[in-house]
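For reference, the structure is listed below as C-alpha cells.
Each chain gets a letter, A, B and so on, in the order its sequence line appears, and its residues count up from 1. Bear in mind the structure is a predicted one, so any value in this text is a computation, not a measurement.
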Amino acid sequence: MEISLESKIEGLLFYKGEDVSIKKLAELLKVSELEIEEGLKKLETSLAGRGLVLVRKNDSVVLGITSELSPLIESIRKEEVTKELSKATLDTLAIILYKNDTSTSSGVSRSEIDYIRGVNSSFILRNLLVRGLIEKITDAKDSRRALYRPTFETLSFMGITSIDQLPNYTQVRTQLQEALNNQTENND
Amino acid sequence: MEISLESKIEGLLFYKGEDVSIKKLAELLKVSELEIEEGLKKLETSLAGRGLVLVRKNDSVVLGITSELSPLIESIRKEEVTKELSKATLDTLAIILYKNDTSTSSGVSRSEIDYIRGVNSSFILRNLLVRGLIEKITDAKDSRRALYRPTFETLSFMGITSIDQLPNYTQVRTQLQEALNNQTENND
Amino acid sequence: MSEEVISSPYSVRTGTFEGPLELLLSLIEQRKLFVNEVSLAEVTNDYIAYIKTFSDTSSEKHIADVSYFILISATLILIKSKSLLPNLSLTDDETEKITDLETRLKLYKIIKSASMEIGNNFGTKIIFMPNERIWSEPIFSPDPLITSQNIGSSIMEVIAHLPKKAEKIPEVEVKKIINIDEIINSLTDRIQNAMNLSFKEFTRSSGAGNQEEAKVHVIISFLAMLELVREGIIDVMQNSSFGDIEINKQQEALEIRPLELQN
C-alpha cells in the first residue's frame, strides 16, 4: 500500500529536522506545489492534539514540538547540559582535541572517532554538540563529510592557547595516526 | 487542555532523536513504567500508516521514518549508506540477533559466538561495534563478562520495528533450542 | 570406503572458508547428507586435504585460523577411526566431543540459513533515524572534568585500547604442525625397519616439543596410520581398550612408497 502524501511530507520533515521550502518538497516528492499545499493542510489536521506541530515560515515548513511541551523539553535540555560528563564522552572529547589540526583548522570525522574508540559514537557527539564543547564543520576536501573540532570556548576553558600544549601532544598524534593507517590497510 | 501521554512521549522522542529507555521516559514524564507502556501502545496505533514509526528493542524506544520512505531518504542523504556485510559478519550478526532474548535485556557472549562459528570472532565483533550494528553490555550475572546485543541501527537496516519481525524469528529460535536440547539428551 | 581413493568430485577451493565448521558443513551439503556421524566420517579426508593446503600457501588469514581447523580435525579423526575400527572404544570425553561437534554443526547450519535471509534483507528497506541535530543554539556548558590533565589521561587510555595489528603465528610453526606427508613418510620408514612398532613408541620418537604440540602430533600420527591402513600397507591391532595400538607391516605390501594423501 502506498502511503499518503501527508505521511511522506511528515517523514521527510522529520528526517531533515530543518526548514524545507515547499518548492523543495514538491521536487523531492515529485508532485506539484499545489499538491504539497493540500498535503500540508491534511498533515496539520492529523497533527492536532499530538506532540508535533507543523511550523510555517514564509514558503518553508518545519516539524516542531508542540509548545505545550516546552517546559518538559526545557527541563530535559537542562539535564543534558548539566550532567557530569561520562568517561566515554571525555574520551571522545580527548580524541577530538588531539586530532584537531590548528594549522589547517580541520577536524576529525565520525568514522575516525568510531574506529579509534572501537564503538559507535553518534549519541556522544550529539551531547558534546548540545553542550557547545565541539562544533561540526564540513570537510573542505569532501563536502559530504562532516568533521568535528573543539570550540574556542573549550580550549579557553582548559586554559590552553594552542592544542600542542596538551600532554604528550606529538607522541599521541603519531600513535593515533598509526592506528588510522592500519584501518586503511585492513579495509583493503 | 492537557495533552495526552502518548503525545508527550512522541514530542520527547522527537526531541531526543535517539533511543530512550522506558525507565527514563517514566522518570521524565513523572508517570509509572506501566503507564508508559500503555502510552507507547497508543502511540503505535496513532502512528499506523503515517510517516513515522516507533521502533522497540529491549527496554528502549526510538522514533524512525517509515521504511516506505527509505528510497527517498537514501537519495537525499549526504552520507553514503554502507550495506555490504561479509559472509562472516552476517553469520556473527545472525547469531547475535537470533540468540538475543527479547524478554530479558541480556545478550550473547563472545564464547557462544565462537562456539557456533568455530573461529575467533573478536575482529568481526569490533567491526560490528564500530559500525554501530551491535553494542557491548556487561553481563548482569558476571560483571567480568561482556555480552553483545543488536542495536536500533540493526533493526533499522532490516526495516523492522522489533526483533521478533526478523525473518522466521520464532522458527529459527525453536530450531536452535532443539539442537541444543538434543545434545543434552545425548550426553545424559 | 573405496570411493575415497578415487579422485574426489567434492573439491574444495582454497581460501573460501572462514572457519572449520563452514568448511565441514559445505562438504556435507555438497554430498546432500544430513549432519551426523556417518556423514562426518565421510568428509574427513576432504577436510584433511583442505587443511593440508594451508602448509602450501602463505595466506595470512589461513595461518591465523589454522589452530581452529586443527582442533576440529582431532574430533573428526576420532569419528573416522570409529568408523574404520569398529572395536575402538571411546572415552566419555571423546563421545561428548563427537556429540558436541554434531550440535555445533547443526547450530551453524541454522544460523547459516538465517544469515542468508539477513543478507538478503539488509539495507533493502531502511527505517532511517532523523539527521543528528540539536534543537536550539548550543549553550557552552563545560564540566570541571575537562582539564588538560584529565584529557591527557583519557587519551592515554584510548591509545592503550587501540586495535593492534593481528598477531601472526609464524608460518614455520604451522608447517611443522600440519605436515601430514612428512609423518606418513616417517611412519613408512619405521615400518620398513621393524615389523612391529607400537603407536606410542612411534609418536614418542618423533620428538614433539610441548604438550599442545604433542597432542596435535599424536592426532596427526594417528591419522597417518589410518591412511596407511586404508592403503593396505599396515595392519593395526589394539589389544585392549585404551591400550597401545600395535602396528604391523602387511606381508603383501611389496613396495612401500611415500603416500599422497590428496588423491
Original post:
Just wondering, do B/V130 and A/V119 contact through their side chains at under 4.5 Å, heavy atoms?
Top reply: no
Subject >> Side-chain (B/S7) to main-chain (A/G49) donor-acceptor, under 3.5 angstrom >> reply: yes
Original post:
Does the side chain of B/I76 reach to within under 4.5 Å of the side chain of A/Y15, using non-hydrogen atoms?
Top reply: yes
**OP:** Evaluate the side-chain proximity of B/I73 to A/L12: yes if any heavy-atom separation is below 4.5 Å, no if none is.
**Re:** yes
**OP:** Measure the shortest side-chain to side-chain distance between A/L29 and B/L72 over non-hydrogen atoms and say whether it is less than 4.5 angstrom.
**Re:** yes
Original post:
For B/K83, does the NZ atom have more than 12 heavy-atom neighbours from other residues, nucleotides or ligands under 6.0 Å away?
Top reply: yes
Original post:
Considering residues at least two apart in sequence or located in another chain, which fulfil the ring-ring contact (aromatic ring centres under 6.0 Å, His included) criterion with B/F157?
Top reply: C/F122
**OP:** Answer whether the closest heavy-atom distance between the side chains of A/L52 and B/L52 falls below 4.5 Å.
**Re:** yes
Original post:
Cation-pi between B/R126 and A/Y115: NZ/CZ under 6.0 Å from ring centre and within 45° of the ring axis?
Top reply: yes
Original post:
What part of B/R77 lies closer than 4.5 angstrom to a heavy atom of chain A: side chain, backbone, both or neither?
Top reply: both
Original post:
Of the backbone (N, CA, C, O) and the side chain (C-beta and beyond), which part of A/R117 lies under 4.5 Å from a heavy atom of chain B, both, or neither?
Top reply: backbone
Subject >> Any donor-acceptor N/O pair, B/T66 side chain to A/G11 backbone, under 3.5 Å >> reply: no
Subject >> Which atoms of A/E6 approach chain B - backbone, side chain, both or neither, heavy atom under 4.5 Å >> reply: neither
**OP:** Mark yes when over 12 heavy atoms from residues, nucleotides or ligands other than A/D59 sit less than 6.0 Å from its CG; otherwise mark no.
**Re:** no
Original post:
If you count heavy-atom pairs under 4.5 Å between each of B/L133, B/L43, B/L13, B/L69 and chain A, which one has the most?
Top reply: B/L69
Original post:
Quick check: are there more than 12 heavy atoms from other residues, nucleotides or ligands sitting under 6.0 Å from CG of A/N58?
Top reply: no
Original post:
By a 4.5 Å heavy-atom criterion (distance strictly below it), what part of A/L47 contacts chain B: side chain, backbone, both, or neither?
Top reply: side chain
Original post:
Is the shortest heavy-atom distance from the side chain of B/R50 to the side chain of A/K8 under 4.5 Å?
Top reply: no
Original post:
Roughly how far apart are A/S75 OG and B/K30 NZ, rounded to 0.5 Å?
Top reply: 6.0 Å
**OP:** Using a 4.5 Å cut-off on heavy atoms from C-beta on, say whether the side chain of B/L28 contacts that of A/E79.
**Re:** yes
